[in-house]
Amino acid sequence: MASTSNRTGGDSFYGGATPYRSREGLSTRTVASSDEIQLRIDPMHGDLDDEISGLRSQVKQLRNVAQEIGSEAKFQKDFLDQLQMTMIKAQAGVKNNIRKLNKSIIKHGSNHIVHVVLFALFCFFVVYMWSKFSRR
C-alpha cells in the first residue's frame, strides 16, 4: 500500500507525526485530506466515559457556534441584498433626475438662444436705423 510507505519511524499509528495531546490519555491528529480527527485513547491514564462526555460538550459548543455563524451569515446576506436593492433604486432615481435635468437644460437653453437671436436682431435694427437717420 502506498499509504503505509509514508509511515516510517516513530509510532506507526501516527505515521511519524508527533501527536497533539489535548488531555491526559487522549491524543488527536488532524488528517490533511479530510475533516476527520483521529483519536488514540490511552486506557492507563484516561477514562473513556469522561473523554466522550467532554467531546460531546465540545461538539455541542461547536454546533452552537456554527448556528451563530450561520445566522450571522444570513443576516449579513440579507443586509447586503437590501443594500444592493437600495443602490439599484438610487441609480434609477439619479438616471431619471439627470434625464429631467437634461430636458430642462435643452428647453431653457433653446429659450436662451431665442433671446440671444432676438437681441442680435434688435441691435442690428438699432444700428440700421441709426445709420439711416445719421445720413440725413
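Here I88 contributes atom CD1 and L83 contributes atom CG; the two are 10.0 Å apart, rounded to the nearest 0.5 Å. Here D81 contributes atom CG and T86 contributes atom OG1; the two are 10.5 Å apart, rounded to the nearest 0.5 Å. With rounding to the nearest 0.5 Å, the separation of CD1 in I106 from NZ in K103 is 9.0 Å. Of the inter-residue distances, the one linking D78 atom CG with K74 atom NZ reads 4.0 Å to the nearest 0.5 angstrom.
The shortest distance between side-chain heavy atoms of S71 and E68 falls below 4.5 Å. Two residues are said to be in side-chain contact when any heavy atoms from C-beta on lie closer than 4.5 Å; L101 and N97 fail this criterion.
Under a hydrophobic clustering in which Ile, Leu, Val, Met, Phe, Trp and Tyr are joined whenever their side-chain heavy atoms come within less than 4.5 Å, directly or via other members, F133 and F125 fall into the same cluster.
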Stepwise side-chain contact (heavy atoms from CB on, under 4.5 Å) check, N96 with R99: CA-CA 5 Å; N96 286 336; R99 192 175 302 124; 2.9 Å; yes

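Taking a 6.0 Å sphere around CD of Q84, one finds it holds 12 or fewer heavy atoms contributed by other residues, nucleotides or ligands.
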